[in-house]
Number of protein chains: 2
Amino acid sequence: MARSDTRYREAFNDILAYCGTLEIDSALPSENALCQQAGVSRTVIRRCLGKLEELGVIRWEGREKRILRRPCEEDSIAIPPANGSSEDLEKRFLDWILRFDVPANTPLSVAELSRSFNVPQHELKEFLASLSRFGLVARRKQGGWMLLGFTRAFAIELSDFRSVLELNAIANVVDAPIDHPVWAQLADLRGKHMSLKERIDTDFHAFSKLDEAFHEVINSVVRNRFVVEFQKVISLVFHYHYMWDKTHEMDRNAAAIDEHLTIIDALEARDKDAAMEAARRHLRTSKSTLLSSLRHHDLG
Amino acid sequence: MARSDTRYREAFNDILAYCGTLEIDSALPSENALCQQAGVSRTVIRRCLGKLEELGVIRWEGREKRILRRPCEEDSIAIPPANGSSEDLEKRFLDWILRFDVPANTPLSVAELSRSFNVPQHELKEFLASLSRFGLVARRKQGGWMLLGFTRAFAIELSDFRSVLELNAIANVVDAPIDHPVWAQLADLRGKHMSLKERIDTDFHAFSKLDEAFHEVINSVVRNRFVVEFQKVISLVFHYHYMWDKTHEMDRNAAAIDEHLTIIDALEARDKDAAMEAARRHLRTSKSTLLSSLRHHDLG
DNA sequence: TATTTGTATTGAATTATAAAAAACTATTGA
DNA sequence: TCAATAGTTTTTTATAATTCAATACAAATA
């Protein structure tokens, strides 16, 4: 009926183990010192000390805290199975939308989502609130949330925004110093692209991952928290839609490999205009692929 | 211990007023029709009908709902003082941070904020969650939230991001068709700039608003939900910092007016390169003004 | 006087619950 | 027969209550 006491439980076992390292009759450090050690507040530490005294592991009177006996297995308390499943909620949520192709204007039930994602309701609400900044979801007048979703307009605006960010990144790469890690990464990517190009007939599915890696390297040059935040969403959306549109998939991927290589060539030649032009062409292709994949799915 | 019944109360008064427009002994429409009218669910409507029957305003039996008497003042129920103050929470929150110069790494207490902003706690939590997308606030390990705030790094990254967006906007303006409203707006702005330039000695404070208007017009050409979302934050931050840094304020503003006019000139001449270069110069000035205002305040 | 402890206050995570929405079933009347 | 309407049940949401934890402050100790 209230918050869990996992914090206390973990701290207790922590302090218990620490007691095990001390000699019988030796003194424990101050409460504040123990706070630091366990990374919790004094309130929790004092609760732990109370429990330790109750178990007869220590004697505790004022600032006198002495070890009475060596702690044993039974002294420690059980820690409830930590549902770490609220870890990468974002990835799993976008994954769900894209994989199951949840249509735009679907009402989202917090109760249902919290069950299926195994996450407390209030956490899900906070998450949805944060997503609303991307215009992906919105509050409904009659309460609850609504998936605005991947409409045609959303895709167009996302693509345009991506182009702006990525062209900026390209411009930055050209100006990167010779010892910047991006050059080694690009050389490596060139090799991987060439290799995949040779076995494209059979391995064309592998391109999606390579595409993600390529754009990640390009964007890694721009150290900007806003860019990073958006890149997460952008790469997921494009990654999935790439995998969807099965029409001419092999041809498309083969063409994209060439486009990537053209960009790498221009970058390594430090030819800014050529790099920008090549990137523009590639981004245009990407956009139309994204739009056509939407057309093939449902709405417009 | 549960949600408020404001919805019911408002709906009731709504339906009551509607009853007032009907003749005695005439029939009310179906429950569903009433739902539509009041914009609530049938559950609420039925509760309203129950209350109306209890008050003797109507007779209700199955689908027979007849007006018995004309409703009077005392029939309506009081609506708790609607705290519309959760309206522009975002503006007020940023306003608070900037105006009182709340330092970076300040722990934010949801309880306290919800009191001072007069907004329910859960709403504030959702708001903070959404702000976390901008990297302005973050969760703390020991619970609660933390204002990451306007550090030097934040200002730099925000400026850079702004430059990327705005240079893109400039490029779009140049390509805008002749009948696009932006041209009339720019002509108007030119006039206002010239006028302010003449009386800059006395009215230099008026520039801040003009600056905001100028950048708004430039960015209005880009129809993109992501850009719009960011522009809100960007304009607020720059607006305030402009007002802060009092050193050489008049000179700075006079110079900025000239920079704006140079941009307008280049745009009207459809000279893309000149416009971009002028914009770049102006954005550089803006950035250094922002940074120096931070230096004058506190940290770095 | 600087730590350390004792105590009180405040805040946050989580749950319980009333209000509202939505889903489902039965009834009515053309 | 079937579309619209009402009755009933189930589910969901918004919000306060509850309990754990953090922090602030006072008293005591060394």
Side-chain angles (χ1 to χ4, degrees), chain A residues 1-12 27-36 38-50 60-65 80 83 86 107-115 119-126 128 139-146, chain B residues 1-12 27-36 38-50 60-65 80 83 86 107-115 119-126 128 139-146:
Chain A
M1 200 218 275
R3 62 190 295 183
S4 69
D5 59 354
T6 316
R7 244 187 146 84
Y8 153 66
R9 286 161 187 270
E10 284 180 352
F12 178 82
L28 284 168
S30 78
E31 292 176 5
N32 269 316
L34 291 170
C35 289
Q36 295 247 301
V40 293
S41 72
R42 263 185 66 213
T43 311
V44 173
I45 288 298
R46 303 193 98 232
R47 216 180 136 188
C48 293
L49 291 173
W60 182 29
E61 231 167 300
R63 46 196 76 185
E64 183 83 357
K65 301 183 285 285
N83 266 324
S86 68
L108 297 175
S109 150
V110 170
E112 198 184 318
L113 289 175
S114 90
R115 275 195 300 271
V119 159
Q121 285 200 17
H122 56 96
E123 224 168 282
L124 226 138
K125 277 170 73 174
E126 279 186 16
L128 290 177
R139 278 202 154 290
R140 294 195 307 162
K141 285 164 297 296
Q142 65 267 62
W145 295 85
M146 163 85 110
Chain B
M1 201 217 274
R3 64 191 293 182
S4 67
D5 60 353
T6 315
R7 248 193 140 82
Y8 153 67
R9 286 161 187 272
E10 284 180 353
F12 178 81
L28 285 168
S30 77
E31 293 175 4
N32 267 319
L34 292 170
C35 290
Q36 295 246 302
V40 294
S41 71
R42 263 185 65 212
T43 310
V44 173
I45 288 297
R46 302 192 99 233
R47 215 180 135 189
C48 293
L49 290 174
W60 183 27
E61 232 167 297
R63 46 196 79 185
E64 182 85 354
K65 300 182 284 285
N83 270 323
S86 68
L108 298 175
S109 149
V110 170
E112 198 184 319
L113 289 175
S114 91
R115 274 195 302 270
V119 159
Q121 284 201 16
H122 57 96
E123 225 168 280
L124 224 137
K125 276 171 71 176
E126 282 185 13
L128 290 177
R139 280 202 153 289
R140 294 196 307 163
K141 287 163 296 296
Q142 64 267 64
W145 294 86
M146 163 85 107

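What you are looking at is a predicted structure, and each value in this text was computed from that prediction instead of being measured. Just so it is clear: chains get the letters A, B, ... in the order the sequence lines come, proteins before strands, and each one is counted from 1.
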K.L.:
Nearest-nucleotide wise, let me know which of A:Pro120 and A:Glu61 is further upstream toward the 5' end of DNA chain C.
P.N.:
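Nearest-nucleotide comparison on DNA chain C picks A:Glu61.
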K.L.:
If you only use heavy atoms from C-beta on, which nucleotide in C:dA21, C:dT15, D:dA21 is closest to the side chain of A:Arg3?
P.N.:
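Taking heavy atoms from C-beta onward, the closest nucleotide is D:dA21.
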K.L.:
Would you say A:Arg140 places a side-chain N or O within less than 4.0 Å of OP1 or OP2 belonging to C:dA20?
P.N.:
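No, outside the criterion.
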K.L.:
Starting at atom OH of A:Tyr8, determine the distance to atom P of C:dA13, rounded to an integer number of angstrom.
P.N.:
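Whole-Å distance recorded here is 21 Å.
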K.L.:
Ignoring backbone atoms, establish whether B:Ser30 has a side-chain N or O less than 4.0 Å from OP1 or OP2 of D:dA4.
P.N.:
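The answer is no; no side-chain N or O of B:Ser30 sits under 4.0 Å from OP1 or OP2.
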K.L.:
Please state whether the base of D:dA14 and the side chain of B:Ser4 form at least one donor-acceptor pair under 3.5 Å?
P.N.:
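By the distance-only test, no, there is no pair.
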K.L.:
Here's a test of your reading of the structure: between A:Val40 and B:His122, which maps to the more 5' nucleotide of DNA chain D?
P.N.:
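Closer to the 5' end of DNA chain D: B:His122.
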K.L.:
Does B:Arg42 place a side-chain N or O at less than 4.0 Å from the phosphate oxygens OP1/OP2 of D:dA4?
P.N.:
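No, because none of the side-chain N or O atoms of B:Arg42 sits under 4.0 Å from OP1 or OP2 of D:dA4.
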K.L.:
Can you tell me if B:Arg9 touches the phosphate of C:dA19, counting only side-chain N or O atoms and a distance under 4.0 Å to OP1 or OP2?
P.N.:
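For C:dA19, OP1/OP2 do not have a side-chain N/O of B:Arg9 under 4.0 Å.
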K.L.:
Identify which nucleotide among C:dG11, D:dA21, C:dT14 has an atom closest to any side-chain atom of A:Ser41, counting heavy atoms from C-beta outward.
P.N.:
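Comparing C:dG11, D:dA21, C:dT14 against the side chain of A:Ser41, the answer is D:dA21.
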K.L.:
Of all the nucleotides listed (D:dT15, D:dT12, C:dT27), which has the minimum atom distance to the side chain of A:Glu112?
P.N.:
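The answer is D:dT12.
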K.L.:
If only side-chain N and O atoms of A:Arg115 are considered, is one of them under 4.0 Å from the OP1 or OP2 phosphate oxygen of D:dT12?
P.N.:
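It does, given that an N or O in the side chain of A:Arg115 lies less than 4.0 Å from OP1 or OP2 of D:dT12.
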K.L.:
Looking across every strand, which nucleic acid part, if any, lies under 4.0 Å from A:Ile45 by heavy atom: base, sugar-phosphate, or nothing?
P.N.:
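The residue A:Ile45 makes no contact with any strand.
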K.L.:
Please determine whether any donor N or O and acceptor N or O are separated by less than 3.5 Å between the side chain of A:Thr43 and the base of D:dT23.
P.N.:
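Per atom types, the contact qualifies.
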K.L.:
Just the rounded figure in Å: distance from C1' of C:dT10 to CD of B:Gln121.
P.N.:
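About 11 Å, once rounded to whole Å.
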K.L.:
B:Ala111 has a side chain; which of D:dT23, C:dT5, C:dA12 sits nearest to it?
P.N.:
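Closest nucleotide among those given: C:dA12.
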K.L.:
So does B:Lys65 get a side-chain nitrogen or oxygen closer than 4.0 Å to the phosphate oxygens (OP1/OP2) of D:dT5?
P.N.:
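No, B:Lys65 has no side-chain N/O under 4.0 Å of OP1/OP2 on D:dT5.
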K.L.:
Honestly, is A:Arg140 close enough over A:Trp145, meaning NZ or CZ under 6.0 Å from the six-membered ring centre and within 45° of the axis?
P.N.:
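Not flagged: A:Arg140 not positioned over aromatic ring of A:Trp145.
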K.L.:
Would you indicate, yes or no, if D:dA4 has its OP1 or OP2 atom less than 4.0 angstrom from a side-chain nitrogen or oxygen of B:Arg63?
P.N.:
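It does not, given that no N or O in the side chain of B:Arg63 lies less than 4.0 Å from OP1 or OP2 of D:dA4.
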K.L.:
Answer with base, sugar-phosphate or nothing: what part of the nucleic acid does A:Leu34 contact at a heavy-atom distance below 4.0 Å?
P.N.:
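Counting heavy atoms under 4.0 Å across all strands, no contact is made by A:Leu34.
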K.L.:
Does D:dT15 have OP1 or OP2 under 4.0 Å away from a side-chain N or O of B:Arg7?
P.N.:
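No.
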